[in-house]
Amino acid sequence: MLIKIGGAGVCHSDIHILDSGPLSLPAFTLGHENAGWIAELGDGVSGWKEGDPVAVYGPWGCGGCHACQSSAENHCAHHASLPSFGGGLGSDGGMADYMIVPSPRLLVPLGDLDPVTAAPLSDAALTPYHAIKRALPYLTPDATAVVIGLGGLGHMAVQILSALCPAQVIACDIADDKLKNARGNGAAYAVNTRDSEAARAHIREIVGGRGVNVAFDFVGVQATIDLCTRIVGRGGLISMVGQGGGTIALPVTKPYGYSIDLPYWGSRTELMEVIALAQAGHIKAEVEAFPLASALDVYQRLREGRIHGRAVLIP
Ligand code: NAD
Ligand code: ZN
Ligand code: ZN
């Protein structure tokens with residue numbers, strides 16, 4: 001399938017790729033968060049037509065293993081032996097006029113949503129959606145969820161939590177404008193974590209002796225990981241989404257009964273659910289649009305925390 005790109009989201013994972021080069025693969029075009037219109041059907045493809053607006057599902061699996069058959073290609077059993085993890089992650093991605101998607105199963109119809117602003121749904125929204133769904137049993141009406149890092153993923157996480165569960169949200173970042181925005185998106189509290197000891201004390205004051213039920217970390221540096229382990233309560237959950245290079249030490253000690261989850265992206269059917277949430281108006285990515293030619297400048301802005309919501313490149 002050939003897709004004409006409407007928008008390609010700029011994810012912080014690209015910065016990790018650029019800095020550490022974990023993919024020992026031939027050069028490829030970045031852009032793993034894409035939406036656009038079908039420009040050409042592949043051989044034998046039916047049920048789609050040129051011009052259909054689509055989101056591209058990002059983690060491309062083998063399509064045949066148990067996980068892929070259940071639509072969870074993010075858990076494909078054959079990832080290690082596949083030539084690529086997906087478009088923009090080994091294969092050419094969406095920071096281009098067009099991209100090739102190997103199978104129509106990797107497309108989800110957008111309906112009335114605008115592909116330019118819908119691109120972030122495929123990662124910035126899908127990844128926290130998947131993490132939050134796994135955490136739903138913890139997110140009871142009397143529970144507290146902490147969201148650390150209110151960038152592309154985190155600003156969607158606050159909206160998704162508000163849409164899916166009654167738990168009280170404590171939003172955390174080091175940038176005051178992002179904290180203010182999170183309050184507007186439904187967070188009950190906003191805590192600046194620049195001084196992590198003061199942040200820990202403030203969060204403890206809010207949640208009391210019970211501690212935090214779920215701590216979602218969308219940064220994953222040592223300071224945020226350490227904050228999570230200090231605020232999580234008995235029987236709670238740390239959901240570690242950020243890949244900032246920190247390490248989770250696992251001392252066999254209190255709090256008793258807590259768990260750590262390491263979610264990765266989401267399934268194809270979860271992307272359908274995310275798109276349904278957006279179509280119903282429950283969530284909306286806050287997008288800063290830039291021309292494709294300014295990509296290098298946009299990555300620099302993302303490094304410096306100077307992007308509001310998600311940056312999307314438009315060819
Ligand atoms: P982003 O740059 O858009 O947002 C990061 C946010 O964290 C910013 O608002 C920034 O101000 C804030 N921040 C930075 N340092 C902080 C600190 N010490 N304490 C509190 N807040 C801090 O990034 P993004 O695109 O949302 O990605 C977030 C992380 O999630 C990245 O590490 C990325 O690689 C990872 N990621 C993981 C998955 C997955 O499947 N596990 C998928 C996509 C992205
Ligand atoms: Zn990403
Ligand atoms: Zn598979």
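Sequence positions, counted from 1, serve as the residue numbers for this chain. Predicted, not measured: the structure shown is a model, and the values here were computed from it. When a ligand or atom number is given, it counts from 1 through the structure's own listing order.
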Exercise for review: Going by the side-chain hydrogen bond (donor to acceptor under 3.5 Å, both in side chains) test, name the single residue among Lys178, His155, Glu286 that passes it with His308.
Suggested key: Glu286
Identify the closest protein heavy atom to [atom]: which residue and atom is it, and at what distance?
atom                    : result
atom 25 (O) of ligand 1 : Arg310 NH1, 2.6 Å
atom 43 (C) of ligand 1 : Asp123 OD1, 3.4 Å
atom 2 (O) of ligand 1  : His12 ND1, 2.6 Å
atom 4 (O) of ligand 1  : Gly151 CA, 3.2 Å
atom 31 (C) of ligand 1 : His16 NE2, 3.6 Å
atom 26 (O) of ligand 1 : Leu153 N, 2.9 Å
atom 13 (N) of ligand 1 : Val219 CG2, 3.9 Å
atom 3 (O) of ligand 1  : Gly152 N, 2.9 Å

With heavy atoms only and a cut-off of under 4.0 Å, state how [X] meets ligand 1: side chain, backbone, both or neither.
X      : result
Ala223 : neither
Ile174 : both
Lys178 : side chain
Tyr264 : both
Ala124 : neither
Ile307 : neither

Given [options], which one has a non-hydrogen atom that is nearest to [atom]?
atom                    : options                       : result
atom 41 (N) of ligand 1 : Val241, Val10, Leu150, Asn192 : Val241
atom 18 (N) of ligand 1 : Thr224, Leu227, Val191, Asn74 : Thr224
atom 12 (C) of ligand 1 : Asp173, Asp217, Asn181        : Asp173

Practice item. For the Zn ion (ligand 3), state how many protein N, O or S atoms fall inside a distance shorter than 2.8 Å. Key: 4
Exercise for review: Keeping waters out of it, list the protein N, O or S atoms under 2.8 Å from the Zn ion (ligand 2).
Suggested key: Cys11 SG, His32 NE2, Asp123 OD2
Review point. Is the CD atom of Glu40 crowded by more than 12 outside heavy atoms at less than 6.0 Å?
Key: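 No, because the 6.0 Å sphere around CD of Glu40 holds 12 heavy atoms or fewer from other groups.
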Review point. Should we count CZ of Arg210 as having more than 12 external heavy atoms under 6.0 Å?
Key: yes
Exercise for review: Show which atoms of ligand 1 fall inside a sub-4.0 Å distance from at least one heavy-atom site of Trp265.
Suggested key: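 Matching atoms, with element in brackets: 39 (C), 40 (O).
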Study note, to complete from the structure: Near Ser13 (heavy-atom distance under 4.0 Å), the atoms of ligand 1 are 33 (C), 34 (O), 35 (C), 36 (N), 43 (C), 44 (C)
Review point. Measuring from Ser267:OG to His130:NE2, what's the distance to the nearest 0.5 Å?
Key: 7.5 Å
